[in-house]
Every structure is written in structure tokens, then in C-alpha cells.
4 protein chains.
Amino acid sequence: MQTFTFYASDDKLENRGNKLTYTGQQINEAACDLAREVANQGDALVAGGVSQTPSYLSCKSQDEVTKIFKKQLDVFVKKNVDFLIAEYFEHVEEAEWAVQALKATGKPVAASMCIGPEGDMHGVTPGECAVRLVRAGADIVGVNCHFDPMTCVKTVALMKAAVEKAGLKAHYMAQPLAYHTPDCSCQGFIDLPEFPFALEPRILTRWEMQQYAREAYKAGIRFIGGCCGFEPYHIRAVAEELAVERGILPDASEKHGMWGAGLEMHTKPWVRARARRDYWEKLKPASGRPLCPSMSTPDGWGVTKGHAELMQQREATTPDQLRPLFQKADAKN
Amino acid sequence: MQTFTFYASDDKLENRGNKLTYTGQQINEAACDLAREVANQGDALVAGGVSQTPSYLSCKSQDEVTKIFKKQLDVFVKKNVDFLIAEYFEHVEEAEWAVQALKATGKPVAASMCIGPEGDMHGVTPGECAVRLVRAGADIVGVNCHFDPMTCVKTVALMKAAVEKAGLKAHYMAQPLAYHTPDCSCQGFIDLPEFPFALEPRILTRWEMQQYAREAYKAGIRFIGGCCGFEPYHIRAVAEELAVERGILPDASEKHGMWGAGLEMHTKPWVRARARRDYWEKLKPASGRPLCPSMSTPDGWGVTKGHAELMQQREATTPDQLRPLFQKADAKN
Amino acid sequence: MQTFTFYASDDKLENRGNKLTYTGQQINEAACDLAREVANQGDALVAGGVSQTPSYLSCKSQDEVTKIFKKQLDVFVKKNVDFLIAEYFEHVEEAEWAVQALKATGKPVAASMCIGPEGDMHGVTPGECAVRLVRAGADIVGVNCHFDPMTCVKTVALMKAAVEKAGLKAHYMAQPLAYHTPDCSCQGFIDLPEFPFALEPRILTRWEMQQYAREAYKAGIRFIGGCCGFEPYHIRAVAEELAVERGILPDASEKHGMWGAGLEMHTKPWVRARARRDYWEKLKPASGRPLCPSMSTPDGWGVTKGHAELMQQREATTPDQLRPLFQKADAKN
Amino acid sequence: MQTFTFYASDDKLENRGNKLTYTGQQINEAACDLAREVANQGDALVAGGVSQTPSYLSCKSQDEVTKIFKKQLDVFVKKNVDFLIAEYFEHVEEAEWAVQALKATGKPVAASMCIGPEGDMHGVTPGECAVRLVRAGADIVGVNCHFDPMTCVKTVALMKAAVEKAGLKAHYMAQPLAYHTPDCSCQGFIDLPEFPFALEPRILTRWEMQQYAREAYKAGIRFIGGCCGFEPYHIRAVAEELAVERGILPDASEKHGMWGAGLEMHTKPWVRARARRDYWEKLKPASGRPLCPSMSTPDGWGVTKGHAELMQQREATTPDQLRPLFQKADAKN
């Protein structure tokens, strides 16, 4: 059970006109309490999570960035979470700083970056990222968000190969999107024109999720989860695919037959004919959208860390700041 | 607030091996209590609903089918629901029988069929269906399920034109799918190969929902809802599109900016450039599925009411009954 | 063998700035001579063809339009063609005038319109069009151009049914496009955004042509040809599909094996595995264009015969005339 | 003007049941005569071409393979062609042998491989291939066939960078397919399920060809041509795009207006609105094939040089040899 403390660092909570009703400390504490409450309902661990900071993008020093992490960590230590996650980092340098800060607490540390096979924003390969994170103290390394399941499995496989080649040891994790993103560039689905409000046609089916779970398991990944777009039935599909390996079926599975077996009760004979694994595994689902393409051209304006357009501000974005962005975008299409 | 009594007639509850833990009466009563409890939280009416029966498909008489409806109606009357809905009928004849049975209670009656512009399973046009239902006593007529929003609006427009041409009066309703279904035949999405477990790429975006709400309103439809596939954010989109006409914004709308305005706070400048209506209205979202087509060939084996393959049974479907169906399906592809 | 006299009427030859090097008479005569020369190489008939006129669109009278046809007909009679075709008519009224003019020569007359299942530009159904053309004297009726093969077969089937229902007799013809046009409105591929310089991804394969030939034959069509987009190998595919019915294989067929049999000689084993009918019949060919949709939204500005924008002129279109058209088009997209 | 001597080596001419009416020498001589006849009509050079041999795939020695090339070269020298091309090589080793044999004649030598950015069949990168070919004596290096235009430009750019990095000098050539092939693996379009009889939807438009010509020119390629799928209008588009650089317009260009200008004469105003560059450059043409995907999964059975399934034979492939191939292919889909 992970605390809902993503982007809950003080510098992010006050970014671009966001007004705080609660302090960062209050939010992080409440998240810990909620996670523990739910974890206690079953037999789950609680993980406290930190993520990348606007401060890093705005070129603050390691000291300043570490101070930001520390504020969240103080809460996690006080609330005695079971382990820590540094997640959603686009730059391996900031991820290393985070792992070092987390490791100082003495708790186990997982580190996952939001990168694909091309590596981080400066082109550091997934393999090198993983080796650096393990050396910085991470017990688990992997990726989360930004790319679709199969791309994430491929990226973690590159990480594992490099860690083993370096004579190091680690566990591996993957928390991909529930969206197909074959057309992404290095920054993932953020750059897709559909992000974040028109991603529906990219949502994975439950059968594609089972395939992901199988491939992740085969690749040696044992922390197999999901990120943006996952619905409960997606997580259930992952758990069902690995029911034999895990030795249990998830609770909700008793409500339905595996591989569409419930369709045996359907009125139409041609729907009863779909009550089988073979049918759903082979199906290539149509989009129902004949006016839409299958891939998009990602945005991404060549802006990297330190560029003026990435500098963060406390004040809300003004119409005068938005206008040139709208024009730049329209000129591109 | 509609009672969750769809397909809760006694003959359906015992179809093809389904085992009852509760009686049909208990289920219908519990549904009424739940709906009333939620309706009382706001200012909502409760509607008791009946739907098409396996008995009709198996060629039972009007008397027998009406008896099935009556069992549910007795509960609705006892629980004093505010109005009644006869919904999801593929055959206008059965829908008329239902409306007559509902009308006998003295409560207002809505009648919606699961048909598209081609009409019911015997080719009776939407216009003729609507006229017959109004004559049978329906106060509201329309369609639900089986087709996508724009197809449903088109179908109800045909109904309205025919009712007015016949010199009759009615209100109009639409409760479409949240899935794009341009490739359906007369029986709707049931026949699509993706039904029901691989419909994800067909899910509408919130912007497409706003467009539906606008077109439905323009067509004179005032009972504007949704059926399979609708998520809360879809319903919110409908309510937001018609906020001016309704005079209120839905509660949840305070949590986000209209037309993606919240993206003004995003870190990447090219995502801030998406914080506007113009961007989302024009976007044609990609499927992210280059190996998948945009349309499917619907199933449908020419089976109609009365055909042996549509006769219902209490016993579970056996493997011996399934095998020829699997073979027939494979031979078609 | 058809004379290449399409759009070779005097009023069309001088339309919108086209400058004549030869008179209309010279062009029509040369076309007859060429057609006869080629026809004589085999055992073919020569057909002289007329098509719709700018004069009709510009609201000229039956007399004036008939005079235009007469000029071409005088050449055809003088050159003694074997039969006459009135083809590519969007309005049944003009087609009737043409058939009457052609019939007056005493030669057999074929009449084909460029319409789809929705009928002519004023909504006259294909059935009614066919009946009127047969009554006007046509021996053969059908469609050419504007729509894809299967749509044309469907349209001619509607014509045949109506002609037979009216107790009349005729032969039937189809000369479809070699492009898939599922997204056309009543005016056909002219309105598609890809017309005429980006139609490539819509081109039919040879296997789709064989399917067309079979369906056309089954529908009772015996004049089975092609229009825009047909390549020699497409015509060969039509002839090969009907080799048994026709009693001969086309000349060029000796150069290749049927249904890809020549692939038996290929170096790669997985290409040799494609040397069979079953493979090619089932294949759904990919577009190789992941950024392109499968359908377009047709243009068509609600302009019909008599509208100012359809009035023809001898002078070339000026930049001042083009500018508002460009703006109108851009505003639509 | 290139002699049509592709795959006209003696071992290929007698492969898998092909029966010779003419000797290899006769065919190569006739090809030289034809090419010279056409070249003399303009101001063109004649190139004699050799290509990869079944002997190499069947593991014959350098001596044996060189003897095969020599037979064709003897003809080219006797007919005094202007320069030589070694083209369509999948293995750089065989290409080197060819270049050495060609160079021995004293004539200028061009060498082009049918590879993409992933390199040759053994994974030798395009850069290394180019360096080895230049060192073997090639004056021009590049790629032909197997991949679409933009992929070929990308591959030659990799070649050029490596040649320059190695301190060598060469000219560069590209002769791509006229088909979009984004889904190819290293062996190119041979492996696509649509090869070779259902490639139609992948054909490039003339505007895409102009884009190719521009990009190729910018990349420093000066021998800019085409391979399978090119129609005369494609070559004309290449020549028109580079008219300024070349100082001449191709002959056929006088027959039509640039960028669709001829549409100014069209009857429908919305088609006249397409008479401009801006319209055609931005258009993303629809496939008209809603049941077809945009990409395919390439075949390729892991078979490489020396594998039993690649051994060539003089005898025709038997049904007994084909059956297991058909089964293997069906099991894959």
C-alpha cells in the first residue's frame, strides 16, 4: 500500500498558482494514516513515496533538493512506514540524490524512473541508470508511468542485464501505464497529443494485462504493478494471470469465470461462442474510430532542464504567458 | 435514480445454470430500497425498471410474458416508486406488452428500446416503434444501450419525427453506450467481436460526451443519460455541457477547470498549450494500436426469435453444446 | 473498346481557361479512329461515349444540351461506331435527354450514371433512375465511376430489382473505381479530401478485384469493367476470376501462376508459404500509414445545380475567385 | 539507364523449376542492347548490374560466387556499359566480393545493399557496411529496395557519417521502395504479410515522393532513384521537387500544373479549393479500409544463410515441400 504522496513536496504543492489549504506536512501525514488503515485490512506493507521536484528542474543544488525530500521523509519515519520508494524520476542524477536521502533513514529503498528504452532525459541508458541507483543504495530498481506495459518490461530487462553485468544484485519493479504508447518519444505519454484527456482509445484490455503480467514475470520482475489508467479489473487480471505462481486467486475472481467463461450463459449463440481463452487471446480489438489514426506525432519542443520555459513559478500562469504557447503549438500542426 | 432490476425477472434469473441465493422478489425489493436511499440524498425520483424476457424469445404468449412483468411490478407498486421504465427491448411487440402492463399501475411510463436507425429485430422502423409505444401508453419514448451516442440521437430523432407526424405527443429519452459503434448491424454492440471484454479502444472521451449532450439537447431529447461503459466523468461531462440550460454545475466540477484549464499548471510548456477548448474539440485521438483495425465485422448468425438456438434453458450450457458454437465461429473467421 | 471522348463536348473543352489546339470535332474523330484501330486487333466492338455537360449544370435548356450531344453523335455516326454510351451522369434528367439523343441514331444505347445507393444529386433512387433510363430507350443500364466496386454492385442490384419490378427488360453494367470509398456521400469520391492526388492507399488489390468480379456476376451484371484507378492487372484479375464463365483465360495470364503460385520459386520459405489462394483471400492488408485514419470526412458544400458556384465560365479561374474558396475550405477543417 | 539484369545470374535463372528459353548470356546481352537504345534517346549513361546470388546463400565459396558474377561482367564489358552496379545485397560479405569483381573491370562501381538502419542479415551496421564497400573499391555506396524512402534516407545518412568518420570519400545513392514500410524487421518488405501481392495501400503519394527527394538531397545523396512500386509519376515528382537544383523540369511536367494547380479548372468549388501546395502537403490520406490495420507483424522464421530451408534447388518446389511451410505459417497466425 503506497502513500498518496506523489508530487506532495512543498515546492510542487505551491507551483503555478496552486493554493494550499493544508501544509505539506499535514498532507503527507494524512496519506500515511490512510495507507496504514487500508494495509491493516489485509496483510500489506506501507511504502512512503517521494518523486521528482520542480526544484531540480529549476536548477537548485543537491542540498536544496535533498531538503525538499527530507521534509517528506521526516513524516514517513515518524509514521514508521515499512519501506520507501523514490519514483517518477526523469533524470538519474536527481533519482540518485533521492535514493541517498531515503537510504539514510535505514529503511529498504525502491527506486523507479519514468523512462523508456532510450533512457533518461539526457540519454543515460536504462542500464546505466539502474547501476547508478543500485550503487546509490536502492534495493529494488525499475520503472513507473510514462510508457505502456510491454515497453516497461523491455526497459526493466535492459536494467537487469546491466546490473547483473556489473556484478551487482537487486530486485526489479514495473508500474506501467494502462495505455498503449508505441508512438512515444523519450519523455513518454506526456508528449502525446492525447495526454491527459483523450487517452481512452489507448486503454489496455484485461487480456493485454494478463500478457503483461506473464512477460514481466518471465523477465524476472517480481514487483508487478500499474500506474495511470489502471482500473481495479486491470490489477485483478494481473493477479489472475499469476494465480499459480502466487498460490492464490484474488478475492474478486470468484465473481466471474476465467477467460470469459461467464458468457456461456449468454442468450445469443455467437456470444456463447466467445466463452474461451483462445478467442480473447487472438482478438485484435477495433477502435470504432475510423476518423482517427492509430498513432500520433508526439510533442516535445526540445526543452530540457534549465531552459527558461521549464523554470517553475509560484504564481498562476497568466493569459500573456499562455498565448505564445498556444501559437507555437498551432504552428506545429 | 433507477432500480437495479435490469434482467431481474424470474425467468432470466434462472437462465442457463444461474443459481439463485435470493428470490426474484427479494432482489427487486432490495433494489428499490437502495435506489430510494440514494435518491433521498438529493432531490431525485426513483424509477422501477423492467426489461425484455427470455420467455418472449422462447415464444411464450402475451399472458405468460405479462405475468413475468407483473411479479416485478408488484414490488415496484409496494415500494411506491415514482415512475416506471420498460427498457432494453429488441422487439416492439414485447415492448408494447410491457408498456400496457406498466400503464395498468397508473404510474407514468417511459419506454426505451435497444434499437438503432434500422429499427427492431423484425425491421419495424424506429418511427413506427415509437408511435406504437406512445399509443400503448408510454409518456416518454426513446432508446437505451446497444449503440453509440450519436447513433442513439439519430434514432430518437426518427422516433420524434414519426410521433409528431402521427399527431401524438411524448417526451424523449436516450441512454446510449459510452462506446463508438459505427460498425454495428441492427442488433448493436452485442454482435461486435469485442463484446463484452475488449471494448476499451471504443470508449468515448469526455469531449465526445459533451458533443453528444449538445446534439441530444438540440434534437429535443430531455432525458439524457448513459448506459454500459459510462464512467462518472462521462456523466459529469454531459452535465457540464448543459450547465447553462440546467442552471447548475454538477458538484464534482469545482475540482477541475473546464476544457482542460487545469493544465495551465503543468510543468511542460507544450502541455500548458493544451489548456483550451479549441485544442480538445479538434483532436482526433489515436488508438495506439497499429495492429488493430478501426472497424470490425459484426457477428450475427441470422438467428431470430423462435429459432432453436435462441430457446432458453435453466440448465448450464454443456461443453457438448458449446463445441459446435466454437466451430461455427472459427469457420466464419 | 470505348472512344476516349469523355468530357469531349465543346462546352467542356473550353471550360475555365482551357485553350483548344484542336476542335471538338477533330478530337472526337481521332478518338474514334484510335478505338477502331485497337478494336480491330482483337474481336472487339467500338462504343462512342458522351457524358454530362457544363451546360446542364449552368441551367441550359434540353434543346441546348441536346445540341451539345449531337455534335459528338454526328462524329460517332460518321465513324460508324458499333454502339453508344451515355455515361457519368449525376442527374437522371440530363441522362434521359442524352439517352433520347443517342437512341435517335438507331444504334444500341448503354446508359450509366455516376451514382451510389443514395441515388442522383436530387435524391432520385437508383431504381427510379434505371426505370426512367430504360423507358427513355437504354438497352443497358448501370453505373460508372464515383464509388468503389462493391458499392457499385449494390447500386446496380437496386437498379435491376426496380427495372424487373416495373416489368421492363435491360442488360446491366458496372464500371467502378479501383479505390475503396466507404466514406463517400452521394457525390462519390470527388468529395473525398484525397481526390484526386492522394488516393493511393485506397487502391484495390487484385484479390479484391476478383471478389468484385464474382459479386458483379452473381448480381446479374454482364458488362463488368472499371473506371478511374484501374491498372491492367486489375482488369486481368476480373478476367481471371470469370475465366470459367467466359471460357478463356486472358492472354497475360500465362505469364504468372494463379493465386500467387509463382511464389513457390521464392528463396525465403515463409514467402513460399504464401503461394496459395487461402492466404491471399483472408489477408487484410495493412496501410503502412499509422498517422493516417481509415476514413475521411467528405467535402460537399451543399451546392447543387443552378447555384452560383456551379455556373461554368470560359475564362480561367482567377486568384480572386480562388481566395474565398481556400478560406472556406480551411474554416471547415 | 540500368540494364534489366537483376537476378539474371545463371544460378538464379535455373532456380526452383524455372526453365530457360534463352541462355543467361543471351538475356544479359539483350538487356545491354535495350538499355543502350533507350539511353541514346537522351543523354543517359548505361549501368550494368549484378545482384546477390543463390550460390552465396547455399554457402558456395568466394571463387564460385565470383565466377557467377564474371559471366555477367563479361557481357557488360563486351557491350561496353558506362559503369557497374552491385545491388540488392543482404550480406556485406557477398557485396564486397561483388565490388572486387566489378572493380577488376576498371569501370566505376556503385554498390547498394538492401538493408535498413539495423544493418545486414548478420547485424553489421550500415556504417560498417559502407566503409567496407568503399575500401573494396566502390565509388558510390547506398541502399536499394526493401524499405520505404525515409528509412532509406536514414540508412544512407548512417553510411555517409561512417565513411566520413573513417576519413574515406564516396558518393551516395538511394533507390527505395514506393511503399510505406514502418513495420519491417531487418529483412524489409519481403517479410511483410502483404508482400508481394497486396501492397497497394502502402503506395506513396506524389507529395510523399517530393518530400523524399528533398530529404535525400539534404542528406547529401545525389543518386536519387526508386525501386519496386515506383510509377512514372513518382519519378516525375522526384524530378519536379529538385527542378531548381537540377536546372530543368522533366518533359512530362508541362502536361500538368505544379501542386495540383490544374484543379483550378474543376467544376466543384470545394475541389478548386484544393489547387494549392498547402492543402496537399498537410493532408493525411485515409486508407478507405476500416477493416484493415495500419501495421502488420512481419514474418521471418529465424532462418539465416546456410540453414537447410534456404538451400536452393534447380527442381520445382513440390507439394510435399510446400505443405509443411503452409502449416508452419498457419500455426503462427
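Just so we're on the same page: letters track the sequence lines, and every chain starts at 1.
Counted within 6.0 Å of OH on Y7(A), heavy atoms from surrounding residues, nucleotides or ligands total more than 12; the atom is thus considered enclosed. Heavy atoms from other residues, nucleotides or ligands lying under 6.0 Å from OH of Y233(A) number more than 12. Shown here is F4(B), whose CZ atom has no more than 12 heavy atoms of other residues, nucleotides or ligands within 6.0 Å.
Using a 4.5 Å cut-off between heavy atoms, Q187(A) contacts chain B through its side chain alone, with no backbone atom that close. Contact of L322(A) with chain B is made through the side chain alone, with heavy-atom distances under 4.5 Å. If you measure heavy-atom distances from E208(B) to chain A, the contacts under 4.5 Å come from the side chain alone. The contact between D191(A) and chain B is made by backbone and side chain atoms together, counting heavy-atom distances below 4.5 Å. Proximity to chain B (any heavy atom under 4.5 Å) is shown, for P196(A), by both the backbone and the side chain.
Taking 4.5 Å as the limit, some side-chain heavy atom of P290(A) sits within range of a side-chain heavy atom of M295(B). Counting only heavy atoms from C-beta outward, the side chains of R289(B) and S294(A) never approach each other to under 4.5 Å. When side chains are defined from C-beta on, E231(B) does not count as touching E200(A), because their heavy atoms never get closer than 4.5 Å. At a threshold of 4.5 Å between non-hydrogen side-chain atoms, the residues E194(B) and L283(A) count as touching. Within the 4.5 Å cutoff, side-chain heavy atoms of V271(A) are placed close to those of F195(B).
A salt bridge between R274(A) and D299(B) is present, with a side-chain N of the basic residue lying under 4.0 Å from a carboxylate O of the acidic one. Salt bridge status for D330(B) with R276(A): present, with a side-chain N to carboxylate O gap under 4.0 Å.
Your options are S287(B), A275(B), C184(B), and the one with the most heavy-atom pairs under 4.5 Å with chain A is S287(B). Per-residue heavy-atom pair counts under 4.5 Å with chain B were compared for A316(A), P193(A), P182(A), and the maximum is reached by P193(A). The residue among I190(A), T181(A), D278(A) with the most heavy atom pairs within less than 4.5 Å of chain B is I190(A). Considering only heavy-atom pairs separated by less than 4.5 Å from chain A, the leading option among D183(B), L57(B), L204(B) is L204(B).
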Trace of the side chain to side chain donor-acceptor pair (under 3.5 Å) decision for K12(B) with T267(A): CA-CA 10 Å; K12(B) 185 75 183 179; T267(A) 316; 3.1 Å; yes
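Between W301(A) and W270(B), the ring-plane angle classifies as tilted under the 30° and 60° cut-offs.
Against chain A, the residues from residues 255-266 of chain B that qualify, each with a non-hydrogen atom under 4.5 angstrom away, are G260(B), L263(B), E264(B), M265(B), H266(B) in number order.
A side-chain donor-acceptor contact under 3.5 Å links W207(B) to the backbone of F197(A).
The shortest non-hydrogen separation linking P285(A) to A198(B) is CB-O, 3.5 Å. R202(B) and G288(A) make their closest contact through NH1-CA, 3.7 Å (heavy atoms, listed as atom of the first residue, atom of the second, distance).
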